[in-house]
Amino acid sequence: ILVDEYQDIGPEEYELIAAVAGRSVEDEDRRLSLFAVGDDDQNIYAFTGASVEFIRRFEEDYKARPTHLIENYRSSGNIIRASNLVIAPAAERMKAGHDIVVNRSRKDDPQGGALERRDTIGRGRVQVLKDAGDELTQAVLAVEELERLSKLMPDWDWAKAAVIAREWKYLQPVRSYCEARGIPVQVANADVPNFWRLRETQSLVNWLRGRDRSGLQVSEIAEWIEAQPDGPWWSVLREGVNDFVTEIGDRDTDRKDVFEWLAEWGRDVRKRQTGLLLLSAHRAKGLEFDDVVVLDGAWEKRSNGEDRDAARRLYYVAMTRARRSLALMSMNARHPILDVVNDEAILIRSRRQGAVDVSDCKKLYKTLDVSEVDLSFAGRLAPGNPSLEALKRLAAGDPVHLKRQSDRWVVADRDGVVVGRLAKKFAPPAGAKFLHGSVYAVTTRVREDSEEEYQSYLRRDGWEVVLPELVFEQDK
């Protein structure tokens, strides 16, 4: 049996693995061989019941022989060295005395990587940006640092950079600032709509199903997609069709092959990074980026079930996502984790002189997913209802407005016609005013998607659902 991420198992997983492996079986020949891979320095899910205790007991439980995998194939030498310094004070570490090192093939590379020569300020060192002030000022300074690096690297790509925080509230002003400056930005906590369900994808599906025969030339699909309008989701679908054309070539195909391709391709595109990624440290686990900024805020907190080193391990996980550059923000002169860090691999910088304009950091963006809207709203409308015609005219990017209607919030088009109703649980952010909204996507539903007890309320077999993006501003 091979168990990966063993440091994240809890009591139930531990008992299951022990039972399957036959740990209590006296006859050794009847026990299964167990191979576990894990890193107690990356145990970050104590709040879900995971315990670092189990990986630390593994050697005793199974009379196992430990092997330390210490080569890092990702990060520059300075990032590795700084990360080692941060995690070193944690108690009862299994890797104590076995520091992570650069992998063998890169051991002669500069410790600061490519930036050691290109960046005359940081020279490839991990930068600690101190005295960043409050959450809004920190956001500006974090993005400014990434903008500075973007001018130094000819291969810079915002889709390979990330800003990581312990709590989402520290990322909100970063999103607002990026949107104001036209920096492509993506939020990891926003669920990308199901690609297959999008109106645009279903338009292609319905065209294929409406043909007299299932077979067709690949070039016919290419011609169809080129005749479609512009729009963000049309662009995504166009990319998928072009990939299909490139993969298959101009030959005969069948619509079922196109359906299978779209379904598979759509699953992959939902995971794609398209701009600067904003995410929590927990969501960052398992990911990697060229350039990373870790924000300050809430690193002194301890959640239920966590030991005193839990935040340090989470911070270590955030740091080790970086390949090329790493900047660590500190809003004050002191930081709960970084105060003990001082090394040649690290450059400690104070914030730039002068006032920092934070006026672009005060907007709150809320992209609603399918759990936050009334999915059956259009399905229940009577034939001829103005909302149905308004829905047909609506496209991704069109403006919508938020308004209260009886006991629910609804979204209306520019003419005031209601095009969607929000779920009961939806509420605007506390202490914020609505500025404007737009159509993020239009997705589709069919009668069978609804529970049987509610289907009698439906007036049609299929309908569309608006997923809006709403923008608010914090009150002063």
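This structure is a prediction, so every number in the text was calculated from the model and none was measured.
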Trace of the side-chain contact (heavy atoms from CB on, under 4.5 Å) decision for Trp463 with Leu458
CA-CA 10 Å; Trp463 60 92; Leu458 301 174; 3.7 Å; yes

For Ile87 and Tyr315, run side-chain contact (heavy atoms from CB on, under 4.5 Å): C-alpha distance rounded to whole Å, both residues' side-chain angles, the deciding distance at 0.1 Å, then the answer.
CA-CA 9 Å; Ile87 197 62; Tyr315 199 87; over 6 Å; no

Tell me, with the steps shown, if Asp360 and Arg181 meet salt bridge (Lys or Arg N to Asp or Glu O under 4.0 Å).
CA-CA 9 Å; Asp360 287 331; Arg181 294 183 66 81; over 6 Å; no

Hey, mind stepping through Tyr73 and Glu288 against side-chain contact (heavy atoms from CB on, under 4.5 Å) and telling me if it holds?
CA-CA 11 Å; Tyr73 292 79; Glu288 58 183 65; over 6 Å; no

Verify side-chain contact (heavy atoms from CB on, under 4.5 Å) between Phe377 and Val465, making sure each step is shown before the conclusion.
CA-CA 8 Å; Phe377 168 73; Val465 181; over 6 Å; no

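A donor-acceptor contact under 3.5 angstrom links the side chains of Glu5 and Gln7, judged on distance only. Side chain to side chain, Thr246 and Asp243 fail the donor-acceptor criterion of an N or O pair below 3.5 Å. Counted by atom type alone, Ser76 and Asn78 present zero donor-acceptor pairs between their side chains at under 3.5 Å.
Counting heavy atoms from C-beta on, the side chains of Leu141 and Leu129 never come closer than 4.5 Å. The shortest distance between side-chain heavy atoms of Val236 and Glu200 does not fall below 4.5 Å. At a threshold of 4.5 Å between non-hydrogen side-chain atoms, the residues Thr367 and Asp369 do not count as touching. Using a 4.5 Å heavy-atom cutoff, the side chains of Met153 and Arg324 are in contact. Residues Arg148 and Asp119 are in side-chain contact: their nearest non-hydrogen atoms beyond the backbone lie under 4.5 Å apart. A 4.5 Å side-chain heavy-atom check between Val205 and Gln202 finds at least one atom pair inside the cut-off. Looking at Leu381 and Arg460, their side chains come closer than 4.5 Å, going by heavy atoms from C-beta outward. Between Val410 and Lys403 there is a side-chain heavy-atom pair separated by less than 4.5 Å.
Ring geometry for Trp224 versus Trp207: interplanar angle under 30°, hence parallel rather than tilted (30 to 60°). The aromatic rings of Tyr457 and Tyr454 sit tilted, their planes meeting at an angle between 30° and 60°. Ring geometry, Tyr14 versus Phe54: the interplanar angle falls under 30°, so the pair is classed parallel (tilted spans 30 to 60°).
Taking a 6.0 Å sphere around CD of Glu453, one finds it holds more than 12 heavy atoms contributed by other residues, nucleotides or ligands. Taking a 6.0 Å sphere around CZ of Phe47, one finds it holds more than 12 heavy atoms contributed by other residues, nucleotides or ligands. Within 6.0 Å of atom CZ in Arg104, 12 or fewer heavy atoms from other residues, nucleotides or ligands are found, so the atom counts as exposed in its surroundings. Annotation: Glu12, atom CD; neighbour count of heavy atoms from other residues, nucleotides and ligands within 6.0 Å does not exceed 12. For Lys95, the NZ atom counts as densely surrounded, since its 6.0 Å shell holds more than 12 non-hydrogen atoms of other residues, nucleotides or ligands.
Aromatic pair Trp265/Phe244: centroids not less than 6.0 angstrom apart. A distance below 6.0 Å separates the ring centres of Tyr45 and His282. In this structure, Trp233 has its ring center under 6.0 Å from that of Tyr440.
The pair Arg175-Glu179 meets the salt-bridge criterion, with a side-chain N (NZ, NE, NH1 or NH2) lying under 4.0 Å from an Asp/Glu carboxylate O. Under 4.0 Å is where a charged nitrogen must lie from a carboxylate oxygen, and between Arg313 and Asp41 no such pair does.
The backbone N or O of Glu147 lies less than 3.5 Å from a partner atom in the side chain of Ser150, making a donor-acceptor pair. Using modelled atom types, one side-chain atom of Asn385 and one backbone atom of Ser387 make a donor-acceptor pair closer than 3.5 Å. Between the side chain of Arg321 and the backbone N or O of Val317 there is at least one donor-acceptor pair closer than 3.5 Å. No donor-acceptor pair under 3.5 Å is formed between the side chain of Arg445 and the backbone N or O of Ser376. Although no hydrogens or angles enter the test, the distance criterion places a donor-acceptor pair under 3.5 Å between the side chain of Ser75 and the main chain of Ala322. Of the possible polar contacts, none joining the Glu464 side chain to the Val442 backbone as a donor-acceptor pair under 3.5 Å is found. With Arg238 contributing its side chain and Gln228 its backbone, the two residues share a donor-acceptor pair below 3.5 Å. Using a distance-only test at 3.5 Å, with no hydrogens or angles considered, no donor-acceptor pair links the side chain of Asn72 to the main chain of Ile100. Using a distance-only test at 3.5 Å, with no hydrogens or angles considered, no donor-acceptor pair links the side chain of Asp109 to the main chain of Gly113.
Screening residues 424-439 for side chain to side chain donor-acceptor pair (under 3.5 Å), with sequence neighbours left out, gives Ser371-Lys425. Residue pairs that meet the salt bridge (Lys or Arg N to Asp or Glu O under 4.0 Å) test with at least one member in residues 250-267, sequence neighbours left out, are Glu264-Arg267.
Taking the centre and axis of the six-membered ring of Phe259, the NZ or CZ atom of Arg209 falls inside the cone set by 45° and 6.0 Å.
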Would you list the atom pairs, donor with acceptor, under 3.5 Å between side chains in residues 161-168 and any protein atom, with sequence neighbours excluded?
residue	atom	partner	partner atom	Å
Arg166	NH1	Ala298	O	3.0
Arg166	NH1	Lys301	O	2.8
Arg166	NH2	Glu306	OE1	3.4
Glu167	OE2	Lys301	NZ	3.1

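Closest of all the heavy-atom pairs between Leu279 and Ala284 is CD1-CA, 3.5 Å.
For the atom pair NZ of Lys169 and CG of Leu295, the computed distance is 12.5 Å after rounding to the nearest 0.5 Å. Rounded to the nearest 0.5 Å, atoms SG (Cys178) and CG (Leu171) are 10.0 Å apart.
Looking at Val373, Leu198, Val411, Val439 one by one, the single match for side chain to side chain contact (heavy atoms under 4.5 Å, CB included) with Leu467 turns out to be Val373.
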